[in-house]
Amino acid sequence: MNRLIVGCGYLGGRIAARWRECGDRITVVTRNAEKAARLTEDGHAAIVADVTQPAMLHSLPRADTVLYAIGFDRSAGASIDEVYAAGLRHVLDALPSDPDRVIYISTTGVYGSAAGNWVDEETPPAPARDGGRASLAAEEVLRTHPLGQSGVILRSAGIYGPNRVPFLDQLRAGEPIPAPESGYLNLIHVDDAAETVLHAAAAVIIEAPRVFCVSDGKPVIRGDYYREVALRVGAPPPTFVPPAADSPRALRAGSDRRVKNDRMLLELGVKLRYPSYREGLAAILG
């Protein structure tokens, strides 16, 4: 099969590798020429293009599956709305043929704060941060676009995995963490997130675009998570200091919610390799 991946970062790179192992042809769109060269060395076709510039997308190939997993780079000069919503629209408009499946990687940040209560796909979105608002706008682009009839929206919880455990160096050094100790973290190991994308690409979707919350379904109090990390690396128990009031970290911490994953497990048939942060951290840190 032909797969088109727009944004081949921490998650997208793993998905590209998984699809290539299955014998699929992978084309990746990236802004970075050096990254494109590395991807070519890995056996992928690479297109250097900026999704905010429609004229650069004229050479997109035919694809059975399109994955839009692009991240926001503040140094690039474009706004988050241009990258997420407008960028997705530009890609969809530039496709030379209709794919069987379009997958958009969204975020559970579309929900905003829930005061510690549970949320799922039927919970009305109420994003409080720019990232959540931009992701919700991109969801609406897919929902209203003609190609939305083949769409899947994956609202991802916080992705962690090898080389992505926040504050690891600070914990090892015994330094305080600039984060509140209370409030829930919703997490998904990157390998389980990649597996969910593969299932979403192959699933029969009756009602599209279909929304799925991608989480391990085991929310953890923030302090307990970092105490487990410290224990795993032989560091002293963590201490916490308030983050700057206007920082993204403070805004994220204010969105206290617990995310259900029932639909992901039941409809997509995902079997989690790391059913909670404990198994995930054990695999990463030993």
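Thr108 is listed as a side-chain neighbour of Arg257, based on a closest heavy-atom distance under 4.5 Å. Put simply, the side chain of Asn186 reaches to within 4.5 Å of the side chain of Pro219, judged on heavy atoms. Contact annotation: the side chain of Val220 never approaches that of Arg258 to less than 4.5 Å [non-hydrogen atoms, C-beta and beyond]. Taking the side chain as every heavy atom from C-beta outward, Ile153 and Ser106 approach each other to under 4.5 Å. Counting only heavy atoms from C-beta outward, the side chains of Arg143 and Val211 approach each other to under 4.5 Å. Leu154 is listed as a side-chain neighbour of Val197, based on a closest heavy-atom distance under 4.5 Å. You'll find the side chain of Tyr68 stays beyond 4.5 Å of the side chain of Ile103, heavy atoms only. The shortest distance between side-chain heavy atoms of His189 and Ile284 falls below 4.5 Å.
With no hydrogens or angles considered, no side-chain donor-acceptor pair links Thr30 and Asn32 at under 3.5 Å. Side-chain atoms of Glu82 and Thr52 include no donor-acceptor pair closer than 3.5 Å.
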For residues 54-66, tabulate all N or O donor-acceptor pairs below 3.5 Å that involve a side-chain atom, not counting sequence neighbours.
from	atom 1	to	atom 2	distance (Å)
Asp64	OD2	Asn2	N	2.8
Thr65	OG1	Arg3	NH1	2.7

All N/O donor-acceptor pairs, side-chain side in residues 87-98, below 3.5 Å, sequence neighbours left out:
from	atom 1	to	atom 2	distance (Å)
His90	ND1	Val51	O	2.8
His90	ND1	Ala86	O	3.3
Asp93	OD1	His145	NE2	2.8

Would you list the atom pairs, donor with acceptor, under 3.5 Å between side chains in residues 158-173 and any protein atom, with sequence neighbours excluded?
none

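Nearest heavy atom pair, residue Tyr104 against residue Leu142, reads CB-CD2, 4.1 Å. Across Val48 and Ala36, no two heavy atoms sit closer than the pair CG2-CB, 3.6 Å. Of all the heavy atoms in Gly151 and Ala208, the pair that sits closest is O-CB, 3.7 Å. Heavy atoms only, all atoms of each residue included: Pro180 and Pro243 are closest at CD-CD, 3.9 Å. The shortest heavy-atom contact between Pro99 and Ser150 is O-OG, 3.7 Å. Counting all heavy atoms, side chain and backbone alike, Leu198 lies closest to Trp19 at CG-NE1, 3.8 Å.
Listed by chain and residue number, Arg210, Phe212, Arg263 satisfy the side-chain contact (heavy atoms from CB on, under 4.5 Å) test with Glu267 (two or more places apart in sequence, or in another chain). The salt bridge (Lys or Arg N to Asp or Glu O under 4.0 Å) test applied to Glu175 returns no partner, not counting sequence neighbours. With sequence neighbours left out, Arg133 forms a salt bridge (Lys or Arg N to Asp or Glu O under 4.0 Å) with Asp130.
Remark: of the listed residues Val190, Thr196, Leu67, Ile188, Val190 is the sole one forming a side chain to side chain contact (heavy atoms under 4.5 Å, CB included) with Leu11.
Rounded to the nearest 0.5 Å, atoms OH (Tyr10) and CD1 (Ile15) are 12.5 Å apart. Residue Ile5 holds its CD1 atom at 5.5 Å from CD1 of Ile26, rounded to the nearest 0.5 Å. Here CE of Met264 is found 7.0 Å from OG of Ser215. Values are rounded to the nearest 0.5 Å. Distance check: Ser113 OG to Asp256 CG gives 6.0 Å after rounding to the nearest 0.5 Å. Atoms CZ and CZ, from Phe240 and Arg222 in turn, are 9.0 Å apart once rounded to the nearest 0.5 Å.
In this structure a side-chain-to-backbone donor-acceptor pair under 3.5 Å is missing from Arg14 to Asp191. At distances below 3.5 Å, not a single donor-acceptor pair connects side-chain atoms of Arg31 with backbone N or O atoms of Asp50. The main-chain N or O of Leu272 is never found under 3.5 Å from a side-chain atom of Asp192 such that the two would form a donor-acceptor pair. In this structure, the side chain of Asp120 engages the main chain of Glu122 through a donor-acceptor pair within 3.5 Å. A side-chain donor-acceptor contact under 3.5 Å links Lys35 to the backbone of Cys8. Under the 3.5 Å distance criterion, the side-chain polar atoms of Arg101 are matched with a main-chain donor or acceptor of Ala200.
Note on Tyr84: it clusters hydrophobically with Val6, by side-chain heavy-atom contacts below 4.5 Å among ILVMFWY residues. Linking ILVMFWY side-chain heavy atoms closer than 4.5 Å, directly or via other members, places Val214 and Tyr184 in two distinct hydrophobic clusters. Placement of Val152 and Ile105 within a single hydrophobic cluster is found when ILVMFWY residues are connected by side-chain heavy-atom separations under 4.5 Å, directly or transitively. Hydrophobic cluster membership is shared by Val29 and Val102, with clusters built from Ile, Leu, Val, Met, Phe, Trp and Tyr side chains linked at under 4.5 angstrom. Put simply, Tyr277 and Leu231 are part of two different groups of oily side chains (I, L, V, M, F, W, Y) that touch within less than 4.5 Å, one to the next.
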Worked verdict on Val110 versus Ser135 for side-chain contact (heavy atoms from CB on, under 4.5 Å): CA-CA 7 Å; Val110 300; Ser135 296; 4.1 Å; yes

Apply salt bridge (charged side-chain N to carboxylate O under 4.0 Å, His left out) to Arg273 and Glu195, showing your working. CA-CA 9 Å; Arg273 187 174 183 180; Glu195 185 71 15; over 6 Å; no

With side-chain contact (heavy atoms from CB on, under 4.5 Å) as the test, would you mind laying out the steps for Ile47 and Val28 before giving the verdict? CA-CA 6 Å; Ile47 297 172; Val28 175; over 6 Å; no

In sequence, state the C-alpha distance, the side-chain angles, and the governing distance for Cys213 and Tyr111, and then conclude on side-chain contact (heavy atoms from CB on, under 4.5 Å). CA-CA 11 Å; Cys213 291; Tyr111 293 114; 3.3 Å; yes

Applying side-chain contact (heavy atoms from CB on, under 4.5 Å) to Arg20 and His44, what does each step give before you reach the verdict? CA-CA 8 Å; Arg20 184 163 176 77; His44 309 311; 3.5 Å; yes

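Using a 4.0 Å cut-off between charged side-chain N and carboxylate O, Arg155 and Glu139 make a salt bridge.
In the displayed structure, Glu140 atom CD is contacted under 6.0 Å by more than 12 heavy atoms of other residues, nucleotides or ligands.
Under a cutoff of 6.0 Å and an axis angle of 45°, Arg227 and Tyr225 do not form a cation-pi pair.
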